[in-house]
Amino acid sequence: QVQLVESGGGLVQAGGSLRLSCAASGRTFSMSAMGWFRQAPGKEREFVAAIRYNGASTYYADSVKGRFTISRDNAKSTVYLQMNSLKPEDTAVYYCAADRRSYYSGSDYGAGRFGSWGQGTQVTVSS
């Protein structure tokens, strides 16, 4: 099991940027794909981005493509989400998650594939 702690959320004006970090503990981080999800008030949790265990490929929701960038540093057991050109509709609690599967190299990153979740960090974008 991987323990995950997010940081970097906050209040930002529309058009601004934030960088979220997710620090992991546990020996399986480098074997696991990592994802970012978000949940806005009254809405279901939705996929934002994912990155393979080795960083070779990344995947994005259409709503954030071209604005957000996911990356990871396996030496630091940390995954990042750089968010640029933020919009009010990006307001949500953002969660990082670790894939249950080891060394997965496919493109299926539904929420059910992730077994470990952080506590979430609030991102608020004002208009």
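Residues: numbered from 1 along the sequence shown.
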Would you say that [X] contacts [Y] through its side chain, given a criterion of any heavy-atom pair below 4.5 Å between the two side chains?
{"X": "Thr58", "Y": "Tyr60", "answer": "yes"}
{"X": "Val12", "Y": "Thr124", "answer": "no"}
{"X": "Trp117", "Y": "Leu4", "answer": "no"}
{"X": "Trp36", "Y": "Leu20", "answer": "yes"}
{"X": "Arg38", "Y": "Glu46", "answer": "yes"}
{"X": "Thr91", "Y": "Leu86", "answer": "no"}
{"X": "Tyr59", "Y": "Ser107", "answer": "yes"}
{"X": "Arg72", "Y": "Ile70", "answer": "no"}

*Among Val48, Val64, Val123, side-chain contact (heavy atoms from CB on, under 4.5 Å) partner for Met83*: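 Considering Val48, Val64, Val123, a side-chain contact (heavy atoms from CB on, under 4.5 Å) with Met83 is found only for Val123.
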*asked:* Ignoring hydrogens and geometry beyond distance, is a side-chain donor-acceptor pair present between Gln13 and Ser126 at under 3.5 Å?
replied: no
Check whether any side-chain N or O of [X] sits under 3.5 Å from a backbone N or O of [Y] as a donor-acceptor pair, and report yes or no.
{"X": "Thr78", "Y": "Lys76", "value": "yes"}
{"X": "Arg100", "Y": "Ser32", "value": "no"}
{"X": "Asp108", "Y": "Arg113", "value": "no"}
{"X": "Arg67", "Y": "Ser85", "value": "yes"}
{"X": "Glu6", "Y": "Cys96", "value": "yes"}
{"X": "Arg19", "Y": "Gln82", "value": "no"}
{"X": "Ser116", "Y": "Val2", "value": "yes"}

*With rounding to the nearest 0.5 Å, note down the distance linking CD1 in Ile51 to CG in Asp99.*
12.5 Å
*From Leu81 atom CG to Ser21 atom OG, the distance as rounded to the nearest 0.5 Å*: 9.5 Å
*Kindly give the heavy-atom pair with the smallest separation between Ala14 and Pro88, and that separation in Å.*
CB-CD, 4.1 Å
*Hey, mind stepping through Tyr53 and Met34 against side chain to side chain contact (heavy atoms under 4.5 Å, CB included) and telling me if it holds?*
CA-CA 7 Å; Tyr53 68 93; Met34 297 296 296; over 6 Å; no
*asked:* Between Gln119 and Val5, does the side chain to side chain contact (heavy atoms under 4.5 Å, CB included) criterion hold? Intermediate values first, please.
replied: CA-CA 7 Å; Gln119 83 289 350; Val5 179; 4.3 Å; yes
*On the 0 to 90° scale, with breaks at 30° and 60°, tag the Tyr94-Phe68 ring pair as parallel, tilted or perpendicular.*
tilted
*With under 30° as parallel and over 60° as perpendicular, where do the rings of Tyr109 and Tyr104 fit, or are they tilted in between?*
perpendicular
*side chain to side chain contact (heavy atoms under 4.5 Å, CB included) between Thr121 and Val93: does it pass, once the steps are laid out?*
CA-CA 5 Å; Thr121 185; Val93 177; 6.0 Å; no
_Are there over 12 heavy-atom neighbours, none belonging to Lys65, within less than 6.0 Å of that residue's NZ?_
yes
*asked:* For a ring pair (Phe, Tyr, Trp, His ring centres under 6.0 Å) check, start with the C-alpha distance between Phe37 and Tyr95, then their side-chain angles and the critical distance, and finish with the verdict.
replied: CA-CA 5 Å; Phe37 292 76; Tyr95 300 89; 8.8 Å; no
